[in-house]
Amino acid sequence: MKLLKNEKLYSGLRLGYIIVVILYSLARQNITALQPYLMGDILNLAVIGIAVLLVFWDAVIFRNIWKTKYIWLLAVFGVLTVISSLAGFRYGYIENIKAIANLFIQFCLLYVVSVKKSSEDIKKELRIIADCVGAVWFVAVLVSVFMYFADISYTQNRYLWGETTEIVQGFVHTHFGHVVMRLWGIFVDPNFASAICIVLICLSLFVIFNPKNKAEKIFHTVNIVFQYLYIVLSNSRMGLLILCLTSFAAAWYYVFIFIGKKKLHFILREIISVILALTFAATCYLSVQLTKTVLPYVRYGIELAVSSDKAATEEKATREESLSTPENTPGKMNSSSADNTPAVEKLDRQDVVTKSDVSNGRFNLWKEGLVTVFRGNELFGVGPRNYHAVAEEVDPGTRISTGYSIHNSFVELLMGNGITGTLVMLLFLALAASEAVKARYINPGNARAAGMLMAGVLSLLACGMFIACLFYTLSGAAVIMFVLLGYGVRLCSCNEAE
């Protein structure tokens, strides 16, 4: 019993669980080579089972869950999700039960942070998370960036739920008949990977602002460089949009805090913050375009050096062979007339230039979801995982009826929970964001740390506008979002004196 009352032990196990689940969910969702090993039901049951034990431990002994800010809204959302699942029971229930289990982990464990923790305790735990997750993702990004400079591309079998599909990897020149010039690397989806890179940049900046030692600061500085390189090379329009949006929000947030010591008028500080934030966002956009222009020439230089060395080696070998072959006259060499000099390949996406639909079909998917599923189920929705079955019944000719993802977390939320659940979740997110905004004005000390966490959350929310990855699922985006929300809200609530 004494061991169960050891809150330090509980905090350590919870922190370890969070790190493992973040890495597990990221690898399971977006690292192609690891997916076959991480899709089993046994691993899912283990993740859920350990979470249940930790939640029960906290709820009975430490009772942090009952004292967490805005937890009541998440509880209401959970109840509404059960109601929605019961309303759509005839369409299926197994997947809905899994979705509710995922929400339980996110709400009751990942979001809940001990009310006894000081701001320094929270920063320490966040540094550990940033170090561990950042190191693993850094390696994945490093391998992927190398694939661009080495011009490596291939297809790999992807085994998911008993089905086998081929997915492109490395640096991809053409995809589905279109010139794309995009870096997939070792990831399933470069769009999602670029969004995670932006979140890792936010976490690295958090560590740089609150470093433990010089080595940690150096690593995260290097990490930012490589995360940025992947964002550029992924050629993701979504990634670029999120980067500019996050840059604007972070600059607006921090400029106001940093110029607070100048004793300027409140309105003037806000005006300066907005102007500099717009400037910074524009600078980020231009830097991405400039980097996209420069990197092909860097790769060209590397390829030229490699091809020159290779040509020199082949020429030497040919000369030696020529001299040692009796039928060859002295001074005459056998050589290939083919020109193997590499060409500069610019990072131009012709697949989006030649399409009239700027959304790549996403707008039509959202419309299908709202018309065929949401209409008629406006109040409570059809349940978290029933929209494919409902679409198949209402209009079998739609793409979502054949299993297409809706590609929007908020449309998915409307279909799954209806207006009631959507409003509750949006209210929770708004109140959590308001904590960071309030801290910007009245608690700038902790706001300096919390701001980067909320910037990471904003990146994931923007990602959710294009990928269904934030609700009902234990995806890397959902896990990180609720972890950052929990720590961010708690950090903003700490007294500045702490």
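What's counted below: heavy atoms across the whole structure, side chains too, no hydrogens, waters or symmetry copies.
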Original post:
Is the OH atom of Tyr404 crowded by more than 12 outside heavy atoms at less than 6.0 Å?
Top reply: no
**OP:** Could you tell me whether the side chain of Asn386 and the main chain of Ala389 form a donor-acceptor pair under 3.5 Å?
**Re:** no
Original post:
Have Gln227 and Asn223 got a donor and an acceptor in their side chains that come within less than 3.5 Å?
Top reply: yes
Original post:
What pair of heavy atoms forms the shortest contact from Gln29 to Ala477, and how long is it?
Top reply: OE1-N, 4.2 Å
Original post:
Could you state the interatomic distance from CG (Leu203) to CD1 (Ile129), rounded to the nearest 0.5 Å?
Top reply: 8.5 Å
Original post:
Does the pair Leu458 and Met454 meet the rule for a side-chain contact (heavy atoms from CB on, under 4.5 Å), with working shown?
Top reply: CA-CA 6 Å; Leu458 177 63; Met454 292 307 182; over 6 Å; no
Original post:
Among all residues two or more places apart in sequence or in another chain, which pass the side chain to side chain contact (heavy atoms under 4.5 Å, CB included) test with Ala99?
Top reply: Pro384, Arg385, Tyr472
**OP:** Start with the C-alpha gap between Lys124 and Asn210, add the side-chain angles, then the distance that decides, and say whether side chain to side chain donor-acceptor pair (under 3.5 Å) holds.
**Re:** CA-CA 9 Å; Lys124 180 181 178 182; Asn210 306 274; over 6 Å; no
**OP:** Taking the side chain as every heavy atom from C-beta outward, state whether Ser153 and Val168 have any pair of such atoms under 4.5 Å apart.
**Re:** no
**OP:** Taking atom CZ of Phe149 as the centre, report whether more than 12 heavy atoms of other residues, nucleotides or ligands fall under 6.0 Å from it.
**Re:** yes
Original post:
Does any N or O in the side chain of Ser204 come within less than 3.5 Å of the main-chain N or O of Ile201, such that one atom is a donor and the other an acceptor?
Top reply: no
**OP:** For the residue pair Leu460 and Ile196, establish whether any side-chain heavy-atom pair is separated by less than 4.5 Å.
**Re:** yes
Output a table of donor-acceptor pairs, distance under 3.5 Å, between side-chain atoms of residues 273-284 and any protein atom two or more places apart or on a different chain; print 'none' if there are none.
{"unit_1": "Ser273", "atom_1": "OG", "unit_2": "Phe256", "atom_2": "N", "d": "3.2"}
{"unit_1": "Ser273", "atom_1": "OG", "unit_2": "Arg269", "atom_2": "O", "d": "2.7"}
{"unit_1": "Thr279", "atom_1": "OG1", "unit_2": "Ile275", "atom_2": "O", "d": "2.8"}
{"unit_1": "Thr283", "atom_1": "OG1", "unit_2": "Thr279", "atom_2": "O", "d": "2.7"}

Original post:
Quick check: are there more than 12 heavy atoms from other residues, nucleotides or ligands sitting under 6.0 Å from NZ of Lys217?
Top reply: no
Subject >> Side-chain heavy-atom pair Glu368, Trp366 within 4.5 angstrom cut-off >> reply: no
Subject >> Arg182, Arg237, His407 screened by side-chain hydrogen bond (donor to acceptor under 3.5 Å, both in side chains) with Asn191, the one that passes >> reply: Arg182
Original post:
Would you call Arg440 and Glu270 a salt bridge, taking side-chain N to carboxylate O under 4.0 Å as the test?
Top reply: yes
Original post:
Hey, does Asn408 have a side-chain heavy atom less than 4.5 Å from the side chain of Met465?
Top reply: yes
Original post:
Distance from Tyr297 atom OH to Ile302 atom CD1, nearest 0.5 Å?
Top reply: 15.0 Å
Original post:
When you measure from the side chain of Gln106 to the backbone N and O of Thr473, does any donor-acceptor pair fall under 3.5 Å?
Top reply: yes
Subject >> Atom pair CD1/SG of Ile480 and Cys469 - distance to nearest 0.5 Å >> reply: 10.0 Å
Original post:
Would a distance-only check, ignoring hydrogens and angles, find a side-chain to backbone donor-acceptor pair under 3.5 Å from Tyr253 to Val437?
Top reply: no
**OP:** Assess whether atom CG of Leu286 is packed by more than 12 heavy atoms of other residues, nucleotides or ligands within 6.0 Å.
**Re:** yes
Original post:
With sequence neighbours excluded, what pairs up with Tyr17 under the ring pair (Phe, Tyr, Trp, His ring centres under 6.0 Å) test?
Top reply: none
Subject >> Donor-acceptor pair between Thr398 and Thr372 side chains, under 3.5 angstrom >> reply: no
Subject >> Donor-acceptor side-chain pairing of Lys98 and Asn44 below 3.5 angstrom >> reply: no
**OP:** Check Val188 against Pro190 and note the closest heavy-atom contact, atom names and distance.
**Re:** O-CD, 4.1 Å
Original post:
So do the side chains of Leu453 and Val457 get within less than 4.5 Å of each other, counting heavy atoms only?
Top reply: no
**OP:** Using a 4.5 Å cut-off on heavy atoms from C-beta on, say whether the side chain of Gln35 contacts that of Arg28.
**Re:** no
Original post:
If you measure from CZ on Arg399 to NE2 on His388, what distance do you get to the nearest 0.5 Å?
Top reply: 12.5 Å
Original post:
Does Trp184 have its ring centroid less than 6.0 Å away from the ring centroid of Phe187?
Top reply: no
**OP:** Please test Glu125 against Tyr487 for side chain to side chain donor-acceptor pair (under 3.5 Å), starting from the C-alpha separation and ending with a verdict.
**Re:** CA-CA 9 Å; Glu125 289 193 2; Tyr487 279 111; 2.4 Å; yes
Original post:
Do Thr291 and Tyr228 have side-chain heavy atoms sitting under 4.5 Å apart?
Top reply: yes
Subject >> Residue Tyr441 excluded, over 12 heavy atoms near OH under 6.0 Å >> reply: yes
Original post:
What heavy-atom pair brings Leu43 and Leu38 nearest, and what distance separates the two atoms?
Top reply: CD1-CA, 3.7 Å
Original post:
Going from CG on Asn446 to CD on Glu120, what distance comes out if it is rounded to the nearest 0.5 angstrom?
Top reply: 8.5 Å
Original post:
Can the ring centres of Phe219 and Phe138 be said to be less than 6.0 Å apart?
Top reply: yes
Original post:
Any side-chain heavy atom of Met452 sitting closer than 4.5 Å to one from Tyr254?
Top reply: yes
Original post:
Could you walk me through whether Val141 and Cys197 pass the side-chain contact (heavy atoms from CB on, under 4.5 Å) check?
Top reply: CA-CA 9 Å; Val141 166; Cys197 287; 3.9 Å; yes
**OP:** Please identify each residue that fulfils salt bridge (Lys or Arg N to Asp or Glu O under 4.0 Å) with Arg299, with sequence neighbours left out.
**Re:** Asp151, Glu303, Glu345
**OP:** Could you tell me the separation between the CG atom of Leu243 and the CD1 atom of Ile231, rounded to the nearest 0.5 Å?
**Re:** 5.5 Å
**OP:** May I ask you to decide if Pro396's main-chain N or O and Ser401's side chain share a donor-acceptor pair within less than 3.5 Å?
**Re:** yes
**OP:** Of all the heavy-atom pairs spanning Ala195 and Met238, show the shortest one and how long it is.
**Re:** CB-CE, 4.0 Å
Original post:
Which atom pair, heavy atoms only, marks the closest approach of Cys244 to Tyr285?
Top reply: SG-CB, 3.7 Å
Original post:
Which atom names give the shortest non-hydrogen contact between Ile198 and Ser459, and what distance separates them?
Top reply: CG2-OG, 3.4 Å
**OP:** May I ask you to check whether over 12 heavy atoms, not counting those of Tyr154, lie within 6.0 Å of atom OH?
**Re:** yes
Original post:
Where do Thr155 and Gln169 land on the side chain to side chain donor-acceptor pair (under 3.5 Å) test, with the steps shown first?
Top reply: CA-CA 6 Å; Thr155 59; Gln169 298 280 265; over 6 Å; no
Subject >> With sequence neighbours excluded, residues passing ring pair (Phe, Tyr, Trp, His ring centres under 6.0 Å) with Phe482 >> reply: Phe107
**OP:** Please report the C-alpha distance between Leu26 and Asn30 in whole Å, then the side-chain angles of each, then the deciding distance to 0.1 Å, and finally whether the side-chain contact (heavy atoms from CB on, under 4.5 Å) criterion is met.
**Re:** CA-CA 6 Å; Leu26 285 175; Asn30 210 42; over 6 Å; no
Subject >> Audit row: Val113, Leu491, side-chain contact (heavy atoms from CB on, under 4.5 Å) steps and yes/no >> reply: CA-CA 10 Å; Val113 179; Leu491 194 56; over 6 Å; no
Subject >> Listed partners of Glu435 passing salt bridge (Lys or Arg N to Asp or Glu O under 4.0 Å), at least two apart >> reply: Lys69, Lys438
